[in-house]
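Before any comments, here is the structure.
Note on naming: letters A, B, ... go to the chains in the order of the sequence lines (proteins, then strands), and numbering restarts at 1 for each one. The structure presented is a predicted model; accordingly, all values stated were derived computationally and were not measured. Heavy-atom basis, side chains included; hydrogens, waters and symmetry copies ignored.
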2 protein chains.
Amino acid sequence: MTDVERPLRRDAELNRQRIIEAARVVYAERGLAATFDDIAHRAGVGIGTVYRRFPTKEALLEVALEELLERHARSAEEALRAPTAWAGLTAFLREAAEMHAADRGLRDIALGAEIDLRHFTRMRDRVLPVLEQLIDRAHAEGSLRPDVTVEDLPLVMMMVSEVAHHSQAIRPDIYGRYLQLLLDGLRPAPDNGALGQPLTSDDVEALAREWMPGRHRASRA
Amino acid sequence: MTDVERPLRRDAELNRQRIIEAARVVYAERGLAATFDDIAHRAGVGIGTVYRRFPTKEALLEVALEELLERHARSAEEALRAPTAWAGLTAFLREAAEMHAADRGLRDIALGAEIDLRHFTRMRDRVLPVLEQLIDRAHAEGSLRPDVTVEDLPLVMMMVSEVAHHSQAIRPDIYGRYLQLLLDGLRPAPDNGALGQPLTSDDVEALAREWMPGRHRASRA
DNA sequence: ACAAAAGTTGAGGAACGTTCTCCACTTGTT
DNA sequence: AACAAGTGGAGAACGTTCCTCAACTTTTGT
């Protein structure tokens with residue numbers, strides 16, 4: 001079962017590139033809710049062509065977001081090389097927030113859209129251990145309040161990227177203000193209040209799944 | 001044009017009450033996206049009956065949420081009587097968060113659903129000056145970082161109630177953790193970062209309108 | 001230059017969801 | 001009993017998204 005890809009005809013390959021480019025733009029603007037129709041339109045090809053080349057949304061996303069996800073993972077790895085864990089942590093969170101603000105599709109995926117994207121899973125497996133390490137080091141250096149866990153980071157990102165999303169048309173930079181507020185809340189301070197029971201990583205996963213569009217129908221009598 | 005309401009027939013009045021009760025439950029569970037169909041079903045009446053009694057969603061909400069909105073406003077007024085402005089502010093925010101967590105409809109309205117509800121407008125006009133006063137007093141007593149404005153409060157509430165909403169099925173209490181984190185971020189501290197340009201009240205209004213479902217279609221081409 | 005292969009197109013069918021009307025029917029009131 | 005008041009809920013009208021397919025166009029190899 002050798003899967004030797006026959007090369008596409010020249011015009012077909014061109015269309016493929018156009019579709020990928022259009023998908024990047026449209027997903028960035030509209031998030032994963034964007035339809036193939038939107039993308040086909042922007043690429044200047046028929047819907048049928050998009051379906052022929054990418055039978056599912058996953059297939060298209062895989063290709064369209066590869067680069068961005070790589071950048072995201074690399075940004076986490078760079079955070080480890082910062083002079084202090086706190087500096088690394090804040091740099092990473094700020095960069096992640098900026099990326100989420102600039103690309104709604106990335107945000108949807110990072111926040112747990114019900115799409116099983118190989119590249120994404122891989123990226124997450126690269127990022128998570130790094131964050132754990134950063135949190136541990138920050139605790140050790142005393143720059144992070146002790147009752148904060150690595151599970152809090154996704155929630156912080158969700159809140160901030162929610163602000164980023166809704167403020168895009170009004171004050172596209174304002175998410176930074178609330179990220180800063182949260183970062184300052186993460187510092188140790190004598191008058192900090194009690195945070196209560198932290199989330200487990202299962203909780204976080206369930207929550208992320210719940211956060212995205214998807215099915216939410218409740219039963220009725 | 002005397003608008004002397006003829007009393008409803010006894011059975012009709014009973015149905016009206018049933019509908020209001022059902023609306024409270026359904027709006028609390030599902031938010032303003034709930035349909036008249038849902039409500040009629042729960043009330044055990046036909047859809048037609050709901051439409052006959054309440055021609056629009058506003059009419060029904062007006063009656064269903066009256067009590068809750070009153071409670072909300074009163075809670076703000078009570079905050080002024082707390083021993084310190086900070087205690088009042090946190091008490092109010094915690095209570096508001098709790099109410100939003102318990103009633104998704106209230107949350108939708110408070111966060112700016114595109115529904116012009118008399119009761120709500122009135123409530124807001126009662127609450128806003130109170131919050132301004134609390135913020136001023138907190139600044140004066142040095143318990144609130146100076147670069148925070150009253151416009152930050154709605155955003156804090158939006159973030160927290162977003163968490164409350166999505167975590168309801170998983171950890172219904174967890175929103176308190178992130179509210180606490182934000183509250184701690186609101187305290188003055190030597191190592192607080194710069195927040196940048198604050199929001200204007202117009203920004204907040206626009207943002208609240210954007211935050212809720214409603215129309216979001218972007219143009220194409 | 002031509003024919004076979006490869007690729008394209010977009011109208012439209014199917015599925016789903018929401019809003020709201022309408023009139024044959026039931027119930028309450030006097 | 002008789003009239004007014006109220007009810008129910010199927011279904012019309014509309015909107016959205018997903019995806020297919022048969023008629024057509026372009027490329028490529030000879």
Side-chain angles (χ1 to χ4, degrees), chain A residues 4-23 26-27 29-61 105 108 113-115 212-221, chain B residues 4-23 26-27 29-61 105 108 113-115 212-221:
Chain A
V4 196
E5 299 276 320
R6 309 224 321 56
L8 290 173
R9 228 168 66 175
R10 193 160 304 160
D11 57 337
E13 180 56 35
L14 180 66
N15 279 339
R16 205 182 97 97
Q17 293 306 330
R18 280 215 195 102
I19 290 166
I20 293 169
E21 203 35 59
V26 172
Y27 282 136
E29 270 175 7
R30 308 249 247 260
L32 300 197
T35 65
F36 271 24
D37 215 288
D38 288 334
I39 292 162
H41 219 271
R42 168 150 231 142
V45 305
I47 309 157
T49 304
V50 179
Y51 275 101
R52 154 179 291 264
R53 221 44 81 199
F54 304 97
T56 65
K57 194 176 272 201
E58 278 86 350
L60 180 48
L61 279 169
D108 287 356
E114 310 219 342
I115 280 185
M212 279 295 96
R215 68 213 87 299
H216 278 311
R217 289 288 146 268
S219 60
R220 172 202 286 185
Chain B
V4 195
E5 299 277 318
R6 308 225 323 54
L8 290 173
R9 230 167 65 174
R10 194 161 302 162
D11 58 337
E13 180 56 36
L14 180 66
N15 279 339
R16 205 182 97 98
Q17 293 306 329
R18 279 216 196 101
I19 290 167
I20 293 170
E21 202 37 58
V26 173
Y27 282 136
E29 269 174 9
R30 307 251 246 260
L32 300 197
T35 63
F36 271 25
D37 216 288
D38 289 334
I39 292 163
H41 218 272
R42 169 149 233 143
V45 304
I47 310 157
T49 304
V50 179
Y51 274 102
R52 156 179 290 267
R53 221 44 80 200
F54 303 97
T56 67
K57 196 175 269 200
E58 277 87 350
L60 179 50
L61 279 169
D108 286 355
E114 311 220 339
I115 281 185
M212 279 295 98
R215 69 211 89 302
H216 279 308
R217 291 285 146 270
S219 59
R220 168 201 291 187

- [ ] Sugar-phosphate means primed atoms, P, OP1 and OP2; the rest is base. With that split, encode nucleotides 19-26 of chain C 5' to 3' as B, S or - using protein heavy atoms under 4.0 Å.
- [x] SBB-----

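- Every residue two or more places apart in sequence or in another chain was checked for a side-chain hydrogen bond (donor to acceptor under 3.5 Å, both in side chains) with B:R52, and none qualifies.
- Listed by chain and number, the residues in a salt bridge (charged side-chain N to carboxylate O under 4.0 Å, His left out) with B:E58 amount to none (sequence neighbours excluded).
- If you measure from atom CZ of A:F54 to atom P of C:dT8, you get 11 Å, rounded to the nearest angstrom.
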For residues 12-20 of chain B, dump all side-chain donor-acceptor pairs below 3.5 Å to protein atoms at least two apart in sequence or in another chain.
residue: B:E13; atom: OE2; partner: B:Q17; partner atom: NE2; Å: 2.9
residue: B:N15; atom: OD1; partner: B:R18; partner atom: NH1; Å: 3.0

Task: Steps toward side chain to side chain contact (heavy atoms under 4.5 Å, CB included) verdict (B:H41, B:I47) - done: CA-CA 8 Å; B:H41 218 272; B:I47 310 157; over 6 Å; no

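- The two atoms that bring A:A34 and A:K57 nearest to each other are O-NZ, 3.5 Å, heavy atoms only.
- Under the rule for a ring pair (Phe, Tyr, Trp, His ring centres under 6.0 Å), B:F54 has no partner lying at least two apart in sequence or in another chain.
- In plain terms, the two heavy atoms of B:F36 and B:V50 that are nearest each other are CD2-CG1, 3.5 Å.
- The nearest whole Å value for the distance from the CG atom in A:D38 to the P atom in D:dC19 is 14 Å.
- Using a 4.5 Å heavy-atom threshold, the side chains of A:D108 and A:Y27 count as separate.
- Contact annotation: B:R6 side-chain N/O to D:dA4 OP1/OP2 distance is not under 4.0 Å.
- Spacing between atom NE2 of A:H41 and atom P of D:dC19 amounts to 19 Å, rounded to whole angstrom units.
- Residues from residues 10-19 of chain A placing a heavy atom under 4.0 Å of any atom in DNA chain C, listed by number, are A:A12, A:N15.
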